[in-house]
Amino acid sequence: MSRTTVPRTTVTQSDDVRRESARGAVTGLAARLRSAPRRSTAVAAGYLYTAVHGLFMAVVLSFLAAYKGMSPSKALDRWDGLIYVRIAGHGYEHKFVLLPSGKPARMDIAFFPLYPYLMRSVSEVTRLPYEASGVLISVLAGIAAAVGLAVLVEPRLGRRAALLSVVLWAVGVDAMIESMVYVQTLIAALAVWTVIALVRGRRLVATVLVILAGLCHSTAAALVLTVMAAATLELVRIGRGRAPGGLRATAGAVGMLVAAPLGIIGYWAFLALRFHRWDAWFYAESAPGWNSKVDLGKYSLKTLVSQIDGSDFGHGRVTEAHLIATLWIVPAILIGLFLLRDLVRDRRLPWQLTVLTLAALALPLLDSGPWASKPRFLIPAVGLVVPPAIWLARRSTRVQTAAVAVVCAISVLSSAYLIGVAPVAP
């Protein structure tokens with residue numbers, strides 16, 4: 001019998017194809033395995049934030065219902081929430097309202113438009129009341145911010161530090177605000193994902209997100225400064241040949257630099273045209289009770305000194321609200337100093353996150369606005385929870401649980417007091 005002979009070239013080619021296929025499969029599997037922990041950490045962060053913050057909110061609302069007879073709906077849309085609901089339903093004023101003293105009354109134009117008009121849009125789509133729409137936006141933004149925080153922290157510091165950061169943010173500074181009809185959680189979500197876009201080199205995404213953040217609140221200026229710093233640094237690196245150049249890269253960095261402040265400036269310009277006064281927004285912010293202006297920290301320093309020498313006492317519940325604010329602000333300042341050291345020396349965190357956090361910490365302290373309201377402006381300063389999380393990640397589970405429980409207990413009591421008892425807005 002004759003034997004069929006297979007050409008050697010055919011066998012060699014088949015072996016090569018099989019080896020290439022096997023190599024490709026192994027490479028693809030390795031890539032999936034490398035990305036799986038990050039995906040699972042992000043998913044875990046979303047579930048963890050929902051569970052921890054949900055439990056936190058249930059406890060606070062139970063306190064308010066039991067001791068103040070306050071329903072959840074009334075608790076969640078107090079103070080600024082009432083103004084956002086009014087804007088969502090009726091829009092803004094068309095002329096200044098003056099007090100008998102000649103000073104401006106508190107006007108809705110002091111509040112930026114994205115959040116209330118987003119509430120209106122959600123309400124029209126879902127048929128939910130404006131109040132429920134605002135809460136829904138805040139809750140979803142909180143989950144998005146928590147996931148983004150884990151995405152930023154996990155590659156540098158590990159899964160445990162990332163998840164501990166999420167837990168601390170879920171129960172930390174004025175945590176109840178995160179699920180109320182307030183804009184701070186939306187700013188936090190936009191800020192975190194802007195930083196992620198900057199870290200990944202997504203200029204267009206970062207630009208769009210920072211413009212949206214600028215339409216939320218003036219404290220988004222911290223994010224604007226961060227994006228402008230990133231764009232400036234990229235232009236310097238391109239100029240020195242340390243980064244890929246070319247027209248496209250240069251135009252992208254210049255565009256990001258120029259467009260970053262358009263959200264804030266755009267709203268200010270809109271008010272200037274409507275009220276025929278270039279400083280319309282700043283004029284509205286000067287209303288009695290707000291008295292908000294940049295004073296380079298004079299009011300903040302005066303308040304802290306008055307609490308040390310006792311001159312701030314004797315004002316009843318206003319004094320108590322000020323003390324609660326100080327309880328959050330002083331540790332935040334100390335953590336800020338640690339972050340500044342990390343930015344200069346260690347660089348364990350993405351520098352964009354550190355700069356955002358330091359700027360978000362500094363801006364409220366350099367403003368003369370109400371002291372009791374300053375802690376909620378620290379909610380977008382998400383990097384403040386990372387140094388404590390780094391410390392806790394090296395400790396035992398028992399220490400971690402005890403530390404989180406203490407922070408949570410303080411936050412529950414302070415949130416319940418500020419929402420249900422204090423005569424000033426948190």
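Computed from a prediction, not measured in an experiment: that's the story for all the values here.
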Would a distance-only check, ignoring hydrogens and angles, find a side-chain to backbone donor-acceptor pair under 3.5 Å from Arg106 to Pro288?
yes
Taking C-beta and beyond as the side chain, do Tyr49 and Leu149 meet within less than 4.5 Å on heavy atoms?
no
Measure across Met228 and Ala260 and return the closest heavy-atom pair with its distance rounded to 0.1 Å.
CG-CB, 3.8 Å
Does the plane of the ring in Tyr84 sit parallel, tilted or perpendicular to the ring in Phe111? Use 30° and 60° as the thresholds.
perpendicular
Can we call the ring centroids of Trp79 and Tyr182 under 6.0 Å apart?
no
Strictly distance-based, threshold 3.5 Å: is any side-chain N or O of Lys374 a donor or acceptor partner for the main-chain N or O of Asp367?
yes
Report yes if some heavy atom in the side chain of Thr50 is under 4.5 Å from a heavy atom in the side chain of Ile143; otherwise report no.
yes
Under 30°, 30 to 60°, or over 60°: which ring-plane class applies to Trp281 and Phe112, parallel, tilted or perpendicular?
perpendicular
Please determine whether salt bridge (Lys or Arg N to Asp or Glu O under 4.0 Å) holds for the pair Asp279 and Arg277, giving the CA-CA distance in whole Å, both sets of side-chain angles, and the decisive distance to 0.1 Å.
CA-CA 6 Å; Asp279 63 342; Arg277 178 168 178 157; 2.6 Å; yes
Evaluate side-chain contact (heavy atoms from CB on, under 4.5 Å) for Asp80 paired with Met180, printing each intermediate quantity in order.
CA-CA 9 Å; Asp80 286 15; Met180 291 179 65; over 6 Å; no
Hey, is the main chain of Leu157 close enough, under 3.5 Å, to the side chain of Arg348 for a donor-acceptor pair?
no
How close do Ala188 and Val382 get, counting heavy atoms only, and between which atoms?
CB-CG1, 4.3 Å
Does Thr185 offer a backbone N or O that forms a donor-acceptor pair with the side chain of Glu178 under 3.5 Å?
no
Could you verify whether a donor N or O on one side chain and an acceptor N or O on the other, from Asn291 and Ser368, lie under 3.5 Å apart?
no
Does any donor atom in the side chain of Thr326 or Trp371 lie under 3.5 Å from an acceptor atom in the other side chain?
yes
Is the closest side-chain heavy-atom distance between Ile335 and Val386 below 4.5 Å?
no
Using modelled atom types and a 3.5 Å cut-off, is there a donor and acceptor pairing between side-chain atoms of Ser411 and backbone atoms of Val407?
no
Donor on one side chain, acceptor on other, His53 and Ser179, under 3.5 Å
yes
Gap between atom CD1 of Ile333 and atom CH2 of Trp328 - 0.5 Å precision:
14.5 Å
Of all heavy-atom pairs between Ala221 and Ile264, which one has the smallest distance, and what is that distance?
N-CD1, 3.6 Å
Any sub-3.5 Å donor-acceptor pair from Ser138's side-chain atoms to Val181's backbone N or O?
no
Would a line drawn from the ring center of Tyr115 to the ring center of His217 be shorter than 6.0 Å?
no
Under the 3.5 angstrom rule, does the side chain of Ser123 hit a backbone N or O of Leu128 as a donor-acceptor pair?
yes
Write down the atom of Gly383, the atom of Leu339, and the distance for their closest heavy-atom approach.
O-CD1, 3.9 Å
Find out whether Thr207 and Val205 are in side-chain contact, i.e. whether some heavy atom of one side chain is under 4.5 Å from a heavy atom of the other.
no
With rounding to the nearest 0.5 Å, note down the distance linking CD in Glu124 to OG in Ser133.
9.5 Å
Ile109 CD1 to His94 NE2 distance, which is reported to the nearest 0.5 Å
11.5 Å
Point-to-point distance, once rounded to the nearest 0.5 Å, from OG1 of Thr194 to CG of Leu353:
12.0 Å
Indicate yes or no for a side-chain donor-acceptor contact from Arg274 to the backbone of Glu93 under 3.5 Å, with no hydrogens or angles considered.
yes
Under 4.5 Å between any side-chain heavy atoms of Phe63 and Val60, yes or no?
no
Where Ala162 and Thr41 come nearest, the two heavy atoms and their spacing
CB-CG2, 4.2 Å
Looking only at heavy atoms, the pair that brings Leu198 and Thr226 closest together is CD1-CG2, 4.3 Å
Please answer whether the main-chain N or O of Arg395 pairs with a side-chain N or O of Gln400 as donor and acceptor at a distance below 3.5 Å.
yes
Would you indicate whether Tyr47, at its atom OH, is surrounded by more than 12 heavy atoms from other residues, nucleotides or ligands within a distance under 6.0 Å?
no
Trp169 side-chain N/O to Ile379 backbone N/O, donor-acceptor pair under 3.5 Å
yes
